[in-house]
Colleague: 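Below is one structure. I have some questions about it.
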Amino acid sequence: MSSFLYQRPIHNPLSDPYPISPRSSSNSQKSYSIFSPTALLVLLSLMVVMGVFFPWMGMRESLFSVTKPSISKWRDYTLAQAVSFVAQNGTVIVCAVSQPYLPFLNNWLISITRQKHQDKVLVIAEDYATLYKVNERWPGHAVLVPPALDSQTAHKFGSQGFFNFTSRRPRHLLHILELGYNVMYNDVDMVWLADPFPYLKGKHDVYFTDDMTAVKPLNHSHDLPPPGKKGRTYICSCMIFLRPTSGAKLVMKKWIEEMKDQPWSRAKKANDQPAFNWALDKLANKVDLYLLPQAAFPTGGLYFKNKTWVQETKGMHVIIHNNYILGFEKKIKRFHDYGLWLVDDHALESPLGRI
């Protein structure tokens, strides 16, 4: 609208747009001095209008020219573009976040920044509010893969919204693998105490952690554990590292397939983790799998509930997962109690600052 105003011919407000009538012809012969009080008043009024109105129009045009393309840019930003932007040495660290989890995202980012790996982080936003908030503070580090989800239902464990939220995870990871990148996935209710990358030894296809609380020997096997009471393993789908191999892609495809076979229902409130375990169990003899050391990557049910074990393994912990507990406030309180809620005092260490 403002550009149209600038392009249209400027009409002279002093000219008469209508044909001169005989009645006014005599007046048209009259001459006025530009120094008369009336003329000076008109000129002064024009100067005020030009000086105030048109700069404001220019400012408004400038604001719109910046804001609208910026929003459009992030809406059209693709996963391939985002991964290419953030990846370092062929590796990207990924999380999936809806708006209610932004405080946990910030807490997780602070801990990653302390290990100097924040630049390779990509936030897969599950709603537009998260997409815009992250990219406003940290341009290029968030992407939304349509369709956007309802952020208010996606965080309720056991709900259909939560299932829809987590069921997208293997698709995102498979896409990144097909682009040729190594990818680490983390839930954001985690805290890094040390650098996990030295623990990703060898050239295995898939690296993961055990979600069982039973204490393992420090030199435990790195093979897939035996199935539990439900006939499957209890591997956590919240901390995974994948190399772009045919084996890792096969696991992601099988995970997607298993989730289709076990859809959410009110009677059976499924989530993504059982399907991930069924995929691992069925492909154990076809894919190179690696169980990460329990002392470095303990489940929350062990770290927060077995003080003796925590003391015995002091100094070995790398990533702590705040699971085996439900509810935002309960998770935050637990992090507070263990000195792992970093947002209150160290928010400026995060690439997002205070949010």
Side-chain angles (χ1 to χ4, degrees), residues 82 85-88 91-127 129-143 151 155 184-200 209 236 238-241 292 295-305 307 310-311 313-355:
F85 176 71
V86 306
Q88 294 189 348
T91 300
V92 59
I93 302 168
V94 168
C95 66
V97 180
S98 58
Q99 189 178 20
Y101 275 97
L102 284 175
F104 286 93
L105 170 64
N106 224 17
N107 198 65
W108 177 71
L109 281 173
I110 293 167
S111 71
I112 291 181
T113 301
R114 292 179 175 183
Q115 305 305 324
K116 298 179 171 55
H117 284 293
Q118 74 279 9
D119 289 340
K120 61 171 72 75
V121 168
L122 176 62
V123 177
I124 298 181
E126 296 292 358
D127 52 68
T130 301
L131 175 71
Y132 299 144
K133 174 61 72 174
V134 173
N135 281 335
E136 175 191 2
R137 302 292 186 91
W138 200 22
H141 282 266
V143 65
S151 63
H155 71 279
M184 176 183 285
Y185 175 84
N186 276 191
D187 274 1
V188 292
D189 59 344
M190 292 183 166
V191 169
W192 289 24
L193 301 182
D195 186 347
F197 284 93
Y199 294 82
L200 305 175
T209 64
C236 188
C238 307
M239 159 58 196
I240 310 170
F241 181 79
L292 290 163
F297 302 89
T299 182
L302 177 59
Y303 182 84
F304 294 109
K305 296 185 178 182
K307 294 181 180 179
V310 170
Q311 285 300 315
T313 55
K314 188 175 181 179
M316 301 182 189
H317 313 136
V318 176
I319 294 181
I320 305 303
H321 188 194
N322 196 356
N323 63 345
Y324 276 77
I325 189 171
L326 297 178
F328 285 172
E329 297 305 321
K330 290 180 180 179
K331 282 178 179 279
I332 291 173
K333 183 181 184 304
R334 181 196 259 177
F335 266 158
H336 261 299
D337 293 344
Y338 283 79
L340 298 174
W341 188 247
L342 311 174
V343 172
D344 292 345
D345 298 325
H346 306 283
L348 297 182
E349 293 182 39
S350 167
L352 301 179
R354 295 190 183 280
I355 55 175

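Basis for what follows: all heavy atoms, side chains included, without hydrogens, waters or symmetry-related copies. Numbering starts at 1 and runs along the sequence shown.
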Colleague: Give the intermediate values and the outcome of side chain to side chain contact (heavy atoms under 4.5 Å, CB included) for residues Lys133 and Leu352.
Modeller: CA-CA 9 Å; Lys133 174 61 72 174; Leu352 301 179; over 6 Å; no

Colleague: Without swapping roles, check the side chain of His141 against the backbone of Val121 for a donor-acceptor pair under 3.5 Å.
Modeller: yes

Colleague: For Lys331, what residues pass the side-chain hydrogen bond (donor to acceptor under 3.5 Å, both in side chains) criterion, not counting sequence neighbours?
Modeller: Asp189

Colleague: I need the Asp195 CG to Ile112 CD1 distance, nearest 0.5 Å.
Modeller: 10.5 Å

Colleague: Sorted by first residue and then second, give each salt bridge (charged side-chain N to carboxylate O under 4.0 Å, His left out) pair with at least one member in residues 97-124; sequence neighbours left out.
Modeller: Arg114-Glu349

Colleague: With salt bridge (charged side-chain N to carboxylate O under 4.0 Å, His left out) as the rule and sequence neighbours excluded, what pairs involving residues 96-112 come up?
Modeller: none

Colleague: Could you walk me through whether Trp108 and Val97 pass the side chain to side chain contact (heavy atoms under 4.5 Å, CB included) test, one step at a time?
Modeller: CA-CA 12 Å; Trp108 177 71; Val97 180; over 6 Å; no

Colleague: Side chain to side chain contact (heavy atoms under 4.5 Å, CB included) for Val134 and Leu105? Distances and angles first, verdict last.
Modeller: CA-CA 10 Å; Val134 173; Leu105 170 64; 4.0 Å; yes

Colleague: Relative to the ring of Phe197, is the ring of His117 parallel (under 30°), tilted (30 to 60°) or perpendicular (over 60°)?
Modeller: tilted

Colleague: Check the angle between the aromatic planes of Phe335 and Phe104 and answer parallel, tilted or perpendicular using the 30° and 60° thresholds.
Modeller: tilted

Colleague: Which atom names give the shortest non-hydrogen contact between Thr313 and Ala295, and what distance separates them?
Modeller: CG2-CB, 4.2 Å

Colleague: About how many Å separate CZ of Arg354 and CG of Asp344, when rounded to the nearest 0.5 Å?
Modeller: 8.0 Å

Colleague: Quick check: closest heavy atoms across Ala82 and Leu122, and the distance to 0.1 Å?
Modeller: CB-CD1, 3.6 Å

Colleague: Does any non-hydrogen side-chain atom of Met184 lie less than 4.5 Å from one of Pro196?
Modeller: yes

Colleague: State the CD1-CG distance between Ile93 and Leu109, to the nearest 0.5 angstrom.
Modeller: 9.5 Å

Colleague: Is any side-chain heavy atom of Ile320 closer than 4.5 Å to a side-chain heavy atom of Pro298?
Modeller: yes

Colleague: Backbone N or O of Gly300 within a donor-acceptor pair of the Asn322 side chain at under 3.5 Å?
Modeller: no

Colleague: Is the backbone of Gln99 close enough, under 3.5 Å, to the side chain of Asp127 for a donor and an acceptor to pair up by distance?
Modeller: yes

Colleague: So, using side chain to side chain contact (heavy atoms under 4.5 Å, CB included) as the criterion, who are the partners of Ala194 when residues are at least two apart?
Modeller: Val318

Colleague: Could you pull out the closest heavy-atom pair between Asn135 and Gly140, with the gap in Å?
Modeller: OD1-N, 3.1 Å

Colleague: So, using ring pair (Phe, Tyr, Trp, His ring centres under 6.0 Å) as the criterion, who are the partners of Tyr303 when residues are at least two apart?
Modeller: His317

Colleague: Can you see which heavy atom on Met190 is nearest to which on Cys238, and at what distance?
Modeller: CE-O, 3.2 Å

Colleague: What distance do Gln115 atom CD and Ile319 atom CD1 have between them, rounded to the nearest 0.5 Å?
Modeller: 9.0 Å

Colleague: Which atom pair, heavy atoms only, marks the closest approach of Thr130 to Ser98?
Modeller: OG1-C, 3.5 Å

Colleague: Quick check on side chain to side chain contact (heavy atoms under 4.5 Å, CB included): which of Asp187, Thr209, Asn186 does His321 satisfy it with?
Modeller: Asp187

Colleague: What distance separates Lys305 NZ from Tyr324 OH, expressed to the nearest 0.5 Å?
Modeller: 8.0 Å

Colleague: Taking only residues two or more places apart in sequence, or in another chain, which ones meet Asn107 in a side-chain hydrogen bond (donor to acceptor under 3.5 Å, both in side chains)?
Modeller: none

Colleague: I'd like to know if the side chain of Tyr199 reaches the main chain of Leu292, judged simply by a donor and an acceptor atom lying under 3.5 Å from each other, with no hydrogens or angles considered.
Modeller: no

Colleague: Are any non-hydrogen side-chain atoms of Val191 and Tyr338 less than 4.5 angstrom apart?
Modeller: no

Colleague: With a 6.0 Å cut-off (strictly less than), is the heavy-atom count around CD of Glu329, excluding the residue itself, greater than 12?
Modeller: no

Colleague: Write down the atom of Ile110, the atom of Ala347, and the distance for their closest heavy-atom approach.
Modeller: CD1-CA, 3.9 Å

Colleague: Determine, stepwise, if the pair Phe304 / Leu340 fulfils side chain to side chain contact (heavy atoms under 4.5 Å, CB included).
Modeller: CA-CA 12 Å; Phe304 294 109; Leu340 298 174; 4.2 Å; yes

Colleague: Do Ser350 and Trp138 have side chains that approach each other closer than 4.5 Å (heavy atoms only, starting at C-beta)?
Modeller: no

